[in-house]
Protein chains: 2
Amino acid sequence: MTRAMTEQPTRKTLPRLDESLLTHLPPFSRLEKRQIRTILDQASSRRYESGAAVFNEGDPAERFYMLLDGYVRVVRITPTGEQVTALHIPAGQLLGIAKAIGRETYPATAMTATESIVLSWPTSLWDTFVAEYDGFASETYKTLGHRVGEMNTRIVELATQQVEQRVANAILRLINQTGRKVEGGIEIDFPITRQDLSELTATTLHTVSRLLSSWEKRGLVESKRKRIKVCDPHALVVLSQG
Amino acid sequence: MTRAMTEQPTRKTLPRLDESLLTHLPPFSRLEKRQIRTILDQASSRRYESGAAVFNEGDPAERFYMLLDGYVRVVRITPTGEQVTALHIPAGQLLGIAKAIGRETYPATAMTATESIVLSWPTSLWDTFVAEYDGFASETYKTLGHRVGEMNTRIVELATQQVEQRVANAILRLINQTGRKVEGGIEIDFPITRQDLSELTATTLHTVSRLLSSWEKRGLVESKRKRIKVCDPHALVVLSQG
DNA sequence: CCCGAAGTTTGCGCCAGAGCAATATCGCGC
DNA sequence: GCGCGATATTGCTCTGGCGCAAACTTCGGG
């Protein structure tokens, strides 16, 4: 139920950032090398441990971020201390873009799911980015649109599907976003606990554990501590349609 | 469970639109009378019966809309035909703003909950509006931000609250958005069925009916067919916190 | 190598709320 | 004023999955 609050990320400015970090990322892909240089020179870079908070729900939105490497979970914490995961963000996406939707504070907490590398800029630069950099605004809003779609899907799932289907869907989505092909199947390439999955699917870690056990018996998945490998994706898809 | 699809809105261009329709609405409030005139001249206006679809999920987003009067429910329909209400939109807000989030199609269906009056413009004008009209973009994104917040809240509610709390919350939200003060309480000022409420809270009409009956016995609400009046809002708030 | 913390598995009982079904009521159209 | 379809109420049953509890496994640190 309640989870320990993990804390404080070690700040660390990396030597010097290379332009190639950004050139292939959608929000920046239409920009000149020179522009990217400017952007990088204004950025700070930070490494976060796994489980660290990049920003917290309700904090003033002083910076916006680009996740260079790792995974981030966007979670909300209820008055009773339960966590609900609203979204998973893979490397290469912006986060903390409260400004884009006219907010002064972050609407949710962002926690790293693995060790992660993050760039950030002060929110005061947001308007400049939007105005000066071709494609930045439109790509950002595309990301936003995608997230809205995901949230919508999650609402529909929560409203209509059984737990088994939700868990199957969640795993499939993780596999799609972050699957790594391995011997005998596809693995979610970051550590994920039963607890994490239960927060993602609005159930308990017990139920998730039972489901995984049962699937493992049937040969659909294999899982060790914090690792899940899907051996028969198609069967999972069938399950998820229920 | 499944609902009849109601259909086709009667098109009707009203005589001539008055500038005062828009001057006080946030997206247009900073504009000159002259600009508003231009905007109105490009708009078409339409009246929809209660229960009509303004646009459907998946349709190409050819127009965007401003709800002048009435209420609109934004719903998604599952493969099995169940409806899930994602959002309620009161008069004075934009809808169908797929373009704002980089989408080419509408992500959900918008159905009127009452007879409604709607203005619309071709999506091709979107960029012009954003570029030419001061405050239009920022107000739009504020609306969007607000909706994202609502969706988030709904996810958390679905994930953590009991049915009774969800129904109480839903009613309170409707009262806040659209409450009309009447003799002995506050009433939701559009017709809403048990079925509608169940789609809003991801439960069944039976359960909603039972809850309302029980609340009525305790004097918290009074309800007739399609009408709900809250007599003791505070008690409902207490319930909703559970 | 051992210990403790974190993560996982599994059994059991229970209950909120869904499903089913029958009946009652409302209000519109003719 | 009547009849029918849409809406609402209520009783009964059945079950998914949660809460609780206890044991087991894995891993990292000293």
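Lettering of chains follows the sequences in order, A, B, ..., and the numbering in each one begins at 1.
- Rounded to whole angstrom, the span from the CD atom of Gln161(B) across to the C1' atom of dA16(C) amounts to 15 Å.
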* Yes or no on side chain to side chain donor-acceptor pair (under 3.5 Å) for Trp215(A) and Glu164(A), after CA distance, side-chain angles and deciding distance? -> CA-CA 10 Å; Trp215(A) 292 345; Glu164(A) 182 169 46; 3.2 Å; yes
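- Thr80(B) and Thr78(B) share a donor-acceptor pair across their side chains, judged by distance under 3.5 Å alone.
- The nearest whole Å value for the distance from the CZ atom in Arg225(B) to the P atom in dC26(C) is 9 Å.
- The stretch residues 206-223 of chain B touches DNA chain C through His206(B), Thr207(B), Arg210(B), each having a heavy atom under 4.0 angstrom from the strand.
- Within the structure, a side-chain polar atom (N or O) of Thr203(A) is placed less than 4.0 Å from OP1 or OP2 of dC18(D).
- Protein atom CG of Leu205(B) is 10 Å distant from nucleotide atom C1' of dT9(D), rounded to whole Å.
- Atom-to-atom, CG of Leu158(B) to C1' of dA16(C) comes out at 16 Å; the value is rounded to the nearest Å.
- Within 4.0 Å (heavy atoms only), Arg194(B) reaches sugar-phosphate atoms of the nucleic acid but no base atom.
- When each of dC18(D), dG19(C), dA8(D) is scored by its nearest atom to the side-chain atoms of Thr193(B), the top-ranked nucleotide is dA8(D).
- Side-chain N or O atoms of Arg63(A) include one that pairs as donor or acceptor with a backbone N or O of Ser120(A) at under 3.5 Å.
- Arg47(A) has its side chain within reach of Glu115(A): a pair of non-hydrogen atoms, C-beta onward, lies under 4.5 Å apart.
- Side-chain N/O atoms of Lys226(B) include one lying less than 4.0 angstrom from OP1 or OP2 on dT7(D).
- Here the shortest heavy-atom pairing between Arg147(B) and Leu95(B) reads NH1-CA, 4.3 Å.
- Nearest-nucleotide mapping onto DNA chain D: of Glu164(A) and Lys224(A), the residue sitting toward the 5' end is Glu164(A).
- If you check dC18(D), dG7(C), dG16(D) against the side chain of Gln162(A), the one that comes closest is dG16(D).
- Between the CG atom of Leu197(B) and the C1' atom of dG17(C) there is a distance of 17 Å, rounded to whole Å.
- Atom CD of residue Gln161(B) and atom OG of residue Ser240(B) lie 7.0 Å apart, to the nearest 0.5 angstrom.
- For the residue pair Thr178(B) / Arg180(B), no side-chain donor-acceptor distance below 3.5 Å is found, with atom types taken as modelled.
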